[in-house]
Undergrad: 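Below is the structure I would like to discuss, written out as structure tokens.
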There are 2 protein chains.
Amino acid sequence: MYLDERKKRILQAVVQDYIATAEPVGSRTLARKYNLGVSPATIRNEMADLEEMGLLEQPHTSAGRIPSDLGYRYYVDYLMEKTHLTAEEQDFIVQSLATKLQAVEELIARTSEVLSAMTNLTGLALGPQWAGSVILYIELLPLVPEKAILLVVTNMGTIQHRFLEIPDEITARDLAVISEVLTRHLRGLTLERLSRAALRDIRDELAAYRRVVGLVLEAVEDAIGGGRAERIYLGGTLNILNQPEFRRDLAKVKDILNVLETEHLLRQLLLEEAGGTLAIRIGGENRAFNMPYCSIVTASYRVGDRVMGAIGLLGPTRMEYARAVATIEFMSSFLSEMLAHFYR
Amino acid sequence: MYLDERKKRILQAVVQDYIATAEPVGSRTLARKYNLGVSPATIRNEMADLEEMGLLEQPHTSAGRIPSDLGYRYYVDYLMEKTHLTAEEQDFIVQSLATKLQAVEELIARTSEVLSAMTNLTGLALGPQWAGSVILYIELLPLVPEKAILLVVTNMGTIQHRFLEIPDEITARDLAVISEVLTRHLRGLTLERLSRAALRDIRDELAAYRRVVGLVLEAVEDAIGGGRAERIYLGGTLNILNQPEFRRDLAKVKDILNVLETEHLLRQLLLEEAGGTLAIRIGGENRAFNMPYCSIVTASYRVGDRVMGAIGLLGPTRMEYARAVATIEFMSSFLSEMLAHFYR
DNA sequence: CCTTAGCACTCTGCCAGCGAGAGTGCTAAC
DNA sequence: GTTAGCACTCTCGCTGGCAGAGTGCTAAGG
């Protein structure tokens with residue numbers, strides 16, 4: 001789609017003004033606030049063109065124009081001036097995330113809050129990804145009589161646990177033996193596929209414990225498979241209610257909260273385009289979700305070249321894209337850095 | 001406060017009708033729907049009395065009456081007919097919670113969702129309580145070069161972990177020795193107070209590892225102290241938006257979501273009266289919270305006589321108390337039962 | 001003395017009508 | 001190609017009127 005310079009400037013001005021005010025913007029306002037060097041009448045003509053091209057739309061005949069999804073898209077792709085967080089802001093993030101950090105989950109949890117605090121949007125954070133990591137230890141420890149706890153520790157430091165009923169005659173020593181055998185055979189395998197061969201070997205070697213080995217292996221498989229659901233952290237859900245476009249429209253708020261409450265939807269939202277570094281999906285571009293009035297900016301974070309999770313910002317289509325992008329970019333690279341340091 | 005039979009019946013009818021319809025209820029309606037055997041005029045006189053006593057109030061001169069906090073309180077304490085969940089409902093709960101259960105956290109998480117599904121209110125669940133449990137194992141495992149992971153396992157099957165930087169020269173065998181010493185000295189201690197003596201003994205016995213023992217003990221203390229923040233699970237946040245009294249009033253919704261988003265407020269809300277079995281706090285009785293239009297029904301769940309956590313239902317003051325109470329009571333005793341079975 | 005019918009009064013919610021304000025599209029002049 | 005002028009349109013907020021619901025009071029009845 002080709003736009004001459006003047007159209008670009010006008011589109012840019014409309015988008016920026018609408019983002020700032022949430023009010024449809026008219027030719028007069030435009031001429032006054034942004035010195036475009038032409039009169040309102042000319043701007044009107046241009047805006048009519050932009051509307052015909054599908055970049056702007058009118059809520060009703062006699063209101064100003066607002067950007068369409070396509071208009072935002074053009075803005076984001078070609079017109080938006082990239083910004084960076086200020087040194088103070090970066091510092092704030094670093095302080096918020098780096099102080100007294102105890103476990104990776106905590107880092108991710110705080111990330112969602114910081115994201116929201118930086119932008120007044122809703123911050124999302126997913127991870128850390130459990131898939132793709134490698135088993136380091138499997139331990140079976142007696143808990144109370146006839147109960148044991150199974151721990152699976154991976155090289156990423158994630159831990160899954162399961163409870164097991166065990167027959168009375170199995171001693172702590174037996175459990176230690178079983179742990180050792182399990183660890184020896186499974187160590188180094190990725191979680192996605194425990195080789196069938198390894199499982200059979202274990203069964204053979206532990207033939208003496210026939211009564212429990214089935215249960216134990218089941219628990220192992222379960223711990224590994226069931227752990228797939230990484231937690232999603234939300235920050236600033238409340239901010240949605242501060243957006244003027246939603247103050248009056250409970251139905252929309254409900255749609256959004258519904259998505260925010262449904263983990264698998266969120267997961268889909270965050271991971272859909274985790275391939276690239278940064279994804280911006282605007283309004284109706286999010287086909288799967290009934291939220292044509294929302295945009296989302298997402299990015300994955302990595303350790304080395306493995307995707308460890310994703311973060312995102314959800315807000316009205318009218319969000320400050322430049323700031324959202326700057327924040328997401330900084331946060332995802334900072335997260336990657338922190339994790340790299342954490343794990344190596 | 002003494003009420004004669006007729007006043008009781010009228011108050012009861014007002015509360016029930018208002019709970020059902022969310023509309024102020026007038027004398028005419030009352031006379032028609034509930035056969036009180038008297039005319040609207042008499043009812044009006046009685047209602048005027050009830051209003052003077054502070055049990056009812058009028059939104060404006062010419063609307064019907066609605067119960068005041070005090071009115072609800074009287075209803076809950078003296079007039080409410082206790083109900084029980086039907087066999088089908090109980091079955092639904094049992095099915096939802098008992099199938100394929102993997103870990104205690106999952107049980108609690110599902111509880112909040114079931115609570116909300118049963119009542120169309122917002123379900124809260126806190127726990128399982130980490131305080132009061134006893135250390136069973138402490139393990140220090142090498143993770144990647146110069147990093148180790150510390151695991152603290154308690155008799156309740158909760159696990160805390162922390163990452164540690166360790167000098168290169170410390171071997172896996174060294175870590176095993178340290179683990180053994182830690183476990184030997186700390187096993188059986190409750191998390192609240194690791195005795196100073198035990199810590200000194202450890203320091204003495206591990207003098208050879210002077211370089212790491214400080215770090216390790218710090219991590220242990222941190223894992224134990226930091227773990228205090230049990231997770232809170234929410235279910236059905238969305239239901240708030242379905243309440244007619246909040247459909248129009250974004251400010252209230254915001255207040256509520258704000259509380260729901262702030263963990264320490266929720267914790268306070270759930271634990272405030274964990275002493276008794278069941279607590280109902282109505283509207284303004286919740287002094288600490290700026291939500292005079294909300295009530296909350298809470299109960300703790302236990303294993304033996306130790307409080308393991310709490311569950312609750314949050315909704316408008318107009319909630320169906322009888323149902324909320326029945327649900328909470330069933331759920332908390334069912335939870336206690338499940339956990340008792342789990343742990344013993 | 002309690003209960004009840006009747007009635008005047010009050011307040012809300014809803015709708016229609018109106019004017020102000022903002023913005024547009026079109027036309028004609030520059 | 002640009003711009004001033006103008007008629008037109010649409011929203012928003014305000015007002016007044018009206019129906020509906022409910023009340024309190026009074027007076028009559030058991």
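All chains are named by letter (A, B, ...) in the order of the sequence lines, taking the proteins before the strands, and each is independently numbered beginning at 1. Owing to the predicted nature of the structure, the values given are computational and were not obtained by experimental measurement.
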Undergrad: What does the B/S/- profile of nucleotides 10-30 of chain D look like, 5' to 3', with a 4.0 Å heavy-atom cutoff to protein?
TA: BS---------BSBB------
Undergrad: Name the one of I296(B), L270(B), L266(B), L121(B) that satisfies side chain to side chain contact (heavy atoms under 4.5 Å, CB included) with L314(B)?
TA: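 So the option named by the test is I296(B).
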Undergrad: When I10(B) is tested against each of V15(B), T42(B), L36(B), L55(B) for side chain to side chain contact (heavy atoms under 4.5 Å, CB included), which residue passes?
TA: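 So the option named by the test is L36(B).
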Undergrad: In whole angstroms, how far is the P atom of dT12(C) from the CD1 atom of I66(B)?
TA: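 I66(B) atom CD1 is separated from dT12(C) atom P by 14 Å.
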Undergrad: To the closest 0.5 Å, what do you measure between CG (L11(A)) and OH (Y72(A))?
TA: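 Reported value, rounded in 0.5 Å steps: 10.5 Å.
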Undergrad: Using whole Å, report how far CG of L30(B) lies from P of dT4(C).
TA: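 From L30(B) CG to dT4(C) P: 14 Å.
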Undergrad: Could you grab the distance from atom CD1 of I328(B) to atom OG1 of T119(B), nearest 0.5 Å is fine?
TA: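 Here the interatomic distance stands at 8.0 Å.
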Undergrad: Any salt bridge between K252(B) and E245(B), counting N to O under 4.0 Å?
TA: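 A salt bridge is absent here (no side-chain N lies under 4.0 Å from a carboxylate O).
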Undergrad: Report yes if at least one side-chain N or O of T42(B) is closer than 4.0 Å to OP1 or OP2 of dT4(C); otherwise report no.
TA: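 Looking at the OP1 and OP2 atoms of dT4(C), one of them is under 4.0 Å from a side-chain N or O of T42(B).
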Undergrad: With a 4.5 Å cut-off on side-chain heavy atoms, are S295(A) and Y321(A) touching?
TA: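 When only atoms from C-beta onward are counted, S295(A) and Y321(A) do touch, with a gap below 4.5 Å.
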Undergrad: Rounded to whole Å, how long is the line connecting atom CG of L36(A) with atom P of dG1(D)?
TA: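 Those two atoms, CG and P, are 19 Å apart.
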